[in-house]
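In what follows, a single structure is set out as structure tokens and then discussed.
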Amino acid sequence: MKKYYCESNAYNQLVFVDDTNNAIGFDASTKEEAENMDISGIIDLKTTEEIAHHCSRENDVFYFDEDAWEYVEELPIYWYAVMKDTEDNDWGYGSFNLEEAKEMIKQYIKDGGYIAVIDDGADPVCVDEIHF
């Protein structure tokens, strides 16, 4: 699954595209809104049909044609791992939503807790750390 921010002269969307080039879009006024949209409920789904079913939007799946948009940018899919202290190395606790991860980390900040930003691609890798 890939995640794109797409703009047209009529509207902007966060668009998920699966391996068959089927897509489903969600309204996003700005790129920042698209980047920060909570996708935790759908990120583990493998096809746009599964996302559409999960969101009760079965009729909204379309074929993704990048040329149909005025602007298209692929966005990374980040997992925000809540690291409870400086010795923590388990990326399993966290959220795909940064604001939610910031709430989750609050109780661990006094012990050196931080957020590890994980690029959740085929080979997950830590690309940044957010310290408080």
Side-chain angles (χ1 to χ4, degrees):
M1 189 75 62
K2 292 188 177 184
K3 175 178 148 182
Y4 295 93
Y5 171 66
C6 301
E7 293 180 353
S8 74
N9 61 0
Y11 54 90
N12 304 336
Q13 289 194 324
L14 172 64
V15 178
F16 291 93
V17 181
D18 65 21
D19 293 340
T20 64
N21 233 35
N22 283 334
I24 187 164
F26 297 89
D27 291 340
S29 299
T30 64
K31 178 182 165 189
E32 181 179 344
E33 183 181 343
E35 290 173 324
N36 295 317
M37 193 174 291
D38 183 3
I39 60 170
S40 56
I42 61 173
I43 193 60
D44 289 332
L45 303 175
K46 302 297 180 211
T47 68
T48 53
E49 286 83 1
E50 289 175 346
I51 294 173
H53 179 74
H54 179 80
C55 298
S56 298
R57 296 183 48 205
E58 287 85 354
N59 295 327
D60 293 340
V61 174
F62 61 93
Y63 182 79
F64 184 67
D65 177 6
E66 190 170 330
D67 294 333
W69 300 89
E70 293 179 15
Y71 176 80
V72 175
E73 181 178 340
E74 184 173 358
L75 302 176
I77 297 176
Y78 290 137
W79 170 254
Y80 300 99
V82 173
M83 311 307 286
K84 297 177 182 177
D85 57 41
T86 56
E87 302 299 316
D88 191 357
N89 61 5
D90 178 9
W91 293 346
Y93 178 62
S95 175
F96 284 101
N97 180 285
L98 178 57
E99 296 307 314
E100 184 176 52
K102 286 179 178 177
E103 287 299 314
M104 296 165 75
I105 194 68
K106 285 182 178 179
Q107 62 185 325
Y108 304 110
I109 292 174
K110 67 182 178 343
D111 297 322
Y114 64 97
I115 295 173
V117 181
I118 310 302
D119 186 338
D120 202 44
D123 187 18
V125 62
C126 182
V127 296
D128 198 7
E129 295 179 354
I130 302 170
H131 293 268
F132 299 90

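This structure is a prediction, so every number in the text was calculated from the model and none was measured.
Considering all non-hydrogen atoms of both residues, Val82 and Ala101 come closest at CG2-O, 3.9 Å. Contact between Gly25 and Gln13 at its shortest, heavy atoms only, is CA-OE1, 3.6 Å. Smallest separation of non-hydrogen atoms from Tyr78 and Asp119: CD2-CA, 3.8 Å. In plain terms, the two heavy atoms of Ser95 and Met104 that are nearest each other are CB-SD, 4.1 Å. Considering all non-hydrogen atoms of both residues, Ile130 and Tyr114 come closest at O-CB, 3.3 Å. Nearest heavy atom pair, residue Asp88 against residue Met83, reads O-CE, 3.1 Å.
Looking at residues two or more places apart in sequence or on another chain, you find no side chain to side chain contact (heavy atoms under 4.5 Å, CB included) involving Thr86. Scanning for side chain to side chain donor-acceptor pair (under 3.5 Å) contacts around His131 gives Glu129, with sequence neighbours left out. For Asp60, the salt bridge (charged side-chain N to carboxylate O under 4.0 Å, His left out) partners are Arg57, not counting sequence neighbours.
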Stepwise side-chain contact (heavy atoms from CB on, under 4.5 Å) check, Phe16 with Thr47: CA-CA 9 Å; Phe16 291 93; Thr47 68; over 6 Å; no

side-chain contact (heavy atoms from CB on, under 4.5 Å) between Lys2 and Glu74, worked out: CA-CA 7 Å; Lys2 292 188 177 184; Glu74 184 173 358; 3.5 Å; yes

Candidate pair Ile24 and Val17, rule side-chain contact (heavy atoms from CB on, under 4.5 Å), full reasoning: CA-CA 7 Å; Ile24 187 164; Val17 181; over 6 Å; no

Working for ring pair (Phe, Tyr, Trp, His ring centres under 6.0 Å), residues Tyr93 and Trp79: CA-CA 9 Å; Tyr93 178 62; Trp79 170 254; 8.6 Å; no

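A distance of 12.0 Å separates OG in Ser29 from CG in Leu14, rounded to the nearest 0.5 Å. In this structure, NZ on Lys110 lies 14.5 Å from CZ on Phe132, to the nearest 0.5 angstrom. Atoms CD and CD, on Gln107 and Glu103 in that order, are 10.5 Å from each other to the nearest 0.5 Å. Annotation: the span from Asp128 atom CG to Ile118 atom CD1 amounts to 10.0 Å, rounded to 0.5 Å. Note that CD of Glu58 is 12.5 Å distant from CD1 of Ile51, once rounded to the nearest 0.5 Å. Here the CG-CD1 distance, from Leu75 to Ile39, works out to 9.5 Å after rounding to the nearest 0.5 Å.
Asn97 and Ser40 form no side-chain donor-acceptor contact under 3.5 Å, judged by distance and modelled atom types alone. Side-chain contact annotation: Tyr63 with Asn22, donor-acceptor N/O pair under 3.5 Å absent.
Atom CG of Asp19 has 12 or fewer neighbouring heavy atoms from other residues, nucleotides or ligands inside a 6.0 Å radius. Heavy-atom contacts from other residues, nucleotides or ligands closer than 6.0 Å to CD of Glu32 number 12 or fewer.
Taking 4.5 Å as the limit, some side-chain heavy atom of Lys102 sits within range of a side-chain heavy atom of Glu99. In this structure, Asp111 and Lys84 have side chains that are not in contact, with every pair of non-hydrogen atoms separated by 4.5 Å or more. At a threshold of 4.5 Å between non-hydrogen side-chain atoms, the residues Cys55 and Phe26 count as touching.
The same ILVMFWY cluster, assembled from side-chain heavy atoms under 4.5 Å apart, contains both Tyr11 and Val72. When hydrophobic clusters are built by joining Ile, Leu, Val, Met, Phe, Trp and Tyr residues whose side-chain heavy atoms come closer than 4.5 Å, directly or via intermediates, Phe96 is grouped together with Ile42. No continuous path of hydrophobic side-chain contacts links Tyr4 to Ile77 [ILVMFWY only; heavy atoms under 4.5 Å]. The cluster map of Ile, Leu, Val, Met, Phe, Trp and Tyr, joined by side-chain heavy atoms under 4.5 Å apart, puts Val61 and Ile43 in different clusters. There is no path of hydrophobic side-chain contacts, each under 4.5 Å, that joins Met1 to Val15.
With respect to Glu73 and Lys31, a salt bridge is recorded, a charged nitrogen being found less than 4.0 Å from a carboxylate O.
Using modelled atom types, one side-chain atom of Glu70 and one backbone atom of Asn9 make a donor-acceptor pair closer than 3.5 Å. Between the side chain of Asn12 and the backbone N or O of Thr30, no donor-acceptor pair lies under 3.5 Å. Proximity of a side-chain donor or acceptor of Asn21 to a complementary backbone N or O of Phe64 within less than 3.5 Å is detected. Of the possible donor and acceptor atoms, none in the side chain of Asp85 sits under 3.5 Å from a partner among the backbone N and O of Gly113.
Between Trp69 and Tyr5, the gap from one ring centroid to the other reaches at least 6.0 Å.
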